[in-house]
Amino acid sequence: MIHLLVLSFLNVAQSHAAARPNFVLLLADDLGIGDLGCYGNQTLRTPNIDRLAGGGVKFTQHLAASPLCTPSRAAFMTGRYPIRSGMASETQVGVFLFSASSGGLPTSEITFAKLLKDQGYSTALIGKWHLGTNCHNKTDFCHHPLSHGFDYFHGIPMTNLRDCQPGEGSVFTTGIRTVVFIPLQILAITLVTLAVLKALGLVHVPPMVFFCLLGLAAMILGLMVCFLHYFRPLNCFLMRNHEITQQPFSYDNLMRRLVADATQFIWRNADTPFLLVLSYLQVHTALFASQDFAGRSRHGLYGDAVEEMDWSVGQILNVLDELKLANNTLIYFSSDQGAHVEEVTAKGEVHGGSNGIYKGGKANNWEGGIRVPGILQWPGVIRAGLEIDEPTSNMDVFPTVATLAGAPLPEDRIIDGRDLMPLVQGETAHSDHEFLFHYCNFYLNAVRWHPRNSTSIWKAFFFTPKFSPEGANGCFSTHVCFCHGHSVRYHQPPLLFDIFKDPRERNPLSPTTEPRFQEILDAMQQAVARHTNTLKAVPNQLSLGNLVWKPWLQMCCSLSGLSCQCDREKQAKSASR
């Protein structure tokens, strides 16, 4: 009798363990769907990501909830459209640019990390956060990962920018031209004109006027020099939990350092359920690769960075195999949005990736901006080699992870994501997403409709970005496409495509080419109306007031003014030897 009770207890324990898998969520930055071998690339070497896809399910219509970093990551973490949490900008700037901004993921939002922590999981985020840090002072950490359910954080609270790497230029070039060079030109013309008029004796100009104009020009130039000099140390730093460990951060072996920390986290938690989010800095510019990968690919520094990221995926798979955790671990791989096609240096080097056959890229809702890699692997649970061509979203990770961990979904808010397990396990043949809504920052840009029992996937655009120059596949004149005003072209009636037949979005439909044209648009407009009625007004986390630099929020690891220099990463490494 006792023997039977023990067996019964063990069976229950094993069943409970199997029902509570570990989770490893791998999120690339600006990686295009056309950059991976498993999605058709034949020149970049990605054997480990391809192995991941071959051992599980590959989604061919996996969609980012936004084509920009900050709102996309907010949607990923919460399972909700970013407009619901206030993480959608009404201005041209759609992401956080300064570490000392006050906006960020609100404390009222619930992340999957918070749900899993409540279920006893050890949780870690290693890499990029980009969802804010502080609210009112530089130590409240209200938006910090540790305030959103993560036990451990090691990475950058902001994002990787060209300005973080000396010699790689600046993302603020267009802004500097508008705010600095144009005023300087106006001042120069004014000075020359006044000088000529005075020399001709046509007007009397007091010397103080020239002095004031020259002083104003010097002040503008000085502010620009200070901004470019101090941006890197003030915004490009590594943190471990709440402590700054390297300011500014060094790119030397940066990927290896973060991956080593990720594998150590798995080792430390091999006997307990864990959630690891490895949020890559690559392949966002500034591009970087360690010495072992530099110059190895056929696509320059971008290809080197992709291949090093693939190596890191192999390191994670290897440690899971070594610890015999692979069969009880769900692995997800994706990108926060499509490749940034406008990333071309002044020397003509292409630093952006490939979106395959799809139009557009990062910052717009053409398929190239939102159709991203989507891979799930869980040996023994998800059939290997599965390919699903149904609309899925990065918001789906939230309910999938929560349900598998035994965490009840919040009932006080709308969760827009859908549990992926019924789809990947064959319990249903169709995605639960009959409609998906594509936002460009705050503005509803397009809607996608996949009718039940139909192969058609309708996509209607209410506006599209004006690509520049004419005929280009992006907004090269501004480096990124904007979402309103003169930067877009509005469509009435909406621009309609059948993505199933026309995935390249080349041939918009009309009443002549699609007999049900108006009926389809009417159904989509009704869905938009229902969706809009579910939205509630919330504080805009990306308002100008929340985006600007606030000196009292500036974190600095030293007391030497604004230079902010320290390297505790190096000290920690030396101490561990």
Side-chain angles (χ1 to χ4, degrees), residues 27-30 66 68-74 76-77 82 87 89 93-105 125-135 138-148 150 153-166 168-172 175 227-251 254-255 257-258 277-288 336-337 340 362-363 480 541-542 544 546-557 562 564-566 569:
L27 190 65
D29 196 355
D30 288 7
S66 173
L68 273 178
C69 301
T70 292
S72 175
R73 290 164 183 272
F76 169 66
M77 288 285 174
M87 299 292 278
S89 173
V93 181
V95 300
F96 296 114
L97 296 172
F98 304 106
S99 64
S101 295
S102 57
L105 190 63
L125 172 69
I126 295 175
K128 170 178 169 174
W129 174 238
H130 209 188
L131 295 176
T133 310
N134 297 308
C135 289
K138 59 185 177 183
T139 58
D140 64 31
F141 299 112
C142 67
H143 302 307
H144 190 277
L146 267 59
S147 298
H148 281 289
F150 290 101
F153 170 60
H154 182 203
I156 60 173
M158 286 299 298
T159 187
N160 175 32
L161 293 173
R162 285 188 179 277
D163 302 73
C164 294
Q165 193 173 84
E168 287 300 311
S170 174
V171 298
F172 300 100
F227 175 81
L228 293 176
H229 177 75
Y230 287 114
F231 181 87
R232 179 170 173 253
L234 295 184
N235 294 279
C236 309
F237 54 83
L238 277 172
M239 297 186 77
R240 196 181 298 269
N241 296 328
H242 290 147
E243 180 188 15
I244 295 176
T245 56
Q246 194 174 54
Q247 189 173 16
F249 65 74
S250 168
Y251 286 94
L254 182 54
M255 169 68 86
R257 284 184 276 150
L258 295 175
V277 180
L278 181 52
S279 178
Y280 292 102
L281 280 64
Q282 293 167 317
V283 282
H284 195 294
T285 52
L287 296 175
F288 64 96
D336 56 358
Q337 67 263 321
H340 193 176
K362 176 179 178 176
V480 69
Q541 298 296 322
L542 288 151
L544 181 60
N546 280 325
L547 285 173
V548 296
W549 178 70
K550 297 179 174 65
W552 58 91
L553 296 183
Q554 183 61 57
M555 292 183 291
C556 189
C557 66
L562 294 176
C564 296
Q565 302 281 335
C566 69
E569 292 263 319

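Numbering of residues begins at 1 and proceeds along the displayed sequence.
Contact record, Pro157 with Met239: CG-SD, 3.9 Å, taken as the closest heavy-atom pair. Between Trp549 and Gln554, the shortest heavy-atom contact is NE1-OE1, 2.8 Å. Between Gly127 and Leu258 the shortest heavy-atom distance is CA-CD1, 4.3 Å. Contact between Ser72 and Asp336 at its shortest, heavy atoms only, is OG-O, 2.5 Å. Taking both residues in full, the closest heavy atoms of Leu281 and Asn160 are given as O-ND2, 4.0 Å, listed atom of the first, atom of the second, then distance. Closest approach of Ser147 and Cys142 over heavy atoms only: CB-O, 3.6 Å.
In this structure, CG in Leu105 is found 5.5 Å from CH2 in Trp129, a value given to the nearest 0.5 Å. Within the model, atoms CE of Met77 and CG of Leu131 stand 6.5 Å from one another, a figure rounded to the nearest 0.5 Å. Distance check: Met158 CE to Leu97 CG gives 6.0 Å after rounding to the nearest 0.5 Å. Atom OG1 in Thr133 sits 8.0 Å away from atom NE2 in His143 (nearest 0.5 Å). Taking CD from Gln165 and OG1 from Thr285, the interatomic distance works out to 9.5 Å, rounded to the nearest 0.5 Å.
Scored by the salt bridge (Lys or Arg N to Asp or Glu O under 4.0 Å) test, Arg232 finds no partners at all (sequence neighbours excluded). Applying the salt bridge (Lys or Arg N to Asp or Glu O under 4.0 Å) rule to Asp30 yields the partners Lys362; only residues at least two apart in sequence or on another chain are considered. Taking Thr159 as the reference, Lys128 meet the side chain to side chain donor-acceptor pair (under 3.5 Å) condition, with sequence neighbours excluded.
Between the Ser99 side chain and the Leu234 main chain, a donor and an acceptor come within less than 3.5 Å of each other. Side chain of Asn241 to backbone of Phe153: a donor-acceptor contact under 3.5 angstrom is found. Under a 3.5 Å cut-off, the side chain of Gln282 and the backbone N or O of Phe288 do form a donor-acceptor pair. Without hydrogens or angle criteria, His154 side chain to Ile126 main chain gives no donor-acceptor distance under 3.5 Å. A donor-acceptor pair is defined here as one N or O able to donate and one able to accept, closer than 3.5 Å; such a pair exists between the side chain of His130 and the backbone of Phe96. Distance alone, capped at 3.5 Å, is enough to place a donor-acceptor pair between the Gln337 side chain and the Cys69 backbone. Of the possible donor and acceptor atoms, none in the side chain of His284 sits under 3.5 Å from a partner among the backbone N and O of His340. Side-chain N or O atoms of Asp140 include one that pairs as donor or acceptor with a backbone N or O of Cys135 at under 3.5 Å. No donor-acceptor pair under 3.5 Å is formed between the side chain of Ser101 and the backbone N or O of Gly103. Side chain of Gln247 to main chain of Cys557: a donor-acceptor pair is present (N/O by atom type, distance under 3.5 Å, no hydrogens or angles).
Here Tyr251 and Phe249 bring their ring centres to under 6.0 angstrom of each other.
Inter-residue side-chain proximity for Gln541 and Ser89 is flagged as unmet; no heavy-atom pair is nearer than 4.5 Å. Residues His148 and Leu125 have side chains not in contact (no heavy-atom distance under 4.5 Å, counting atoms from C-beta outward). Tyr280 places a side-chain heavy atom less than 4.5 Å from the side chain of Met255.
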Worked verdict on Asn235 versus Leu161 for side-chain contact (heavy atoms from CB on, under 4.5 Å): CA-CA 10 Å; Asn235 294 279; Leu161 293 173; over 6 Å; no
Verdict with supporting geometry, Met87 and Thr70, side-chain contact (heavy atoms from CB on, under 4.5 Å): CA-CA 7 Å; Met87 299 292 278; Thr70 292; 3.7 Å; yes
Full working for side-chain contact (heavy atoms from CB on, under 4.5 Å) between Leu542 and Asn546: CA-CA 6 Å; Leu542 288 151; Asn546 280 325; over 6 Å; no
Derivation of the side-chain contact (heavy atoms from CB on, under 4.5 Å) call for Ile156 and Leu238: CA-CA 5 Å; Ile156 60 173; Leu238 277 172; 3.8 Å; yes
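For the side-chain hydrogen bond (donor to acceptor under 3.5 Å, both in side chains) with Gln246, the qualifying choice from Glu569, Arg240, Arg257 is Arg257, the only one to do so.
Few gaps surround NZ on Lys550; more than 12 heavy atoms of other groups in view lie less than 6.0 Å from it.
Between Cys236 and Cys164, the SG-SG separation falls below 2.5 Å.
Aromatic ring pairs are classed by plane angle as parallel below 30°, tilted from 30° to 60° and perpendicular above 60°; the pair Phe141 and His242 is parallel.
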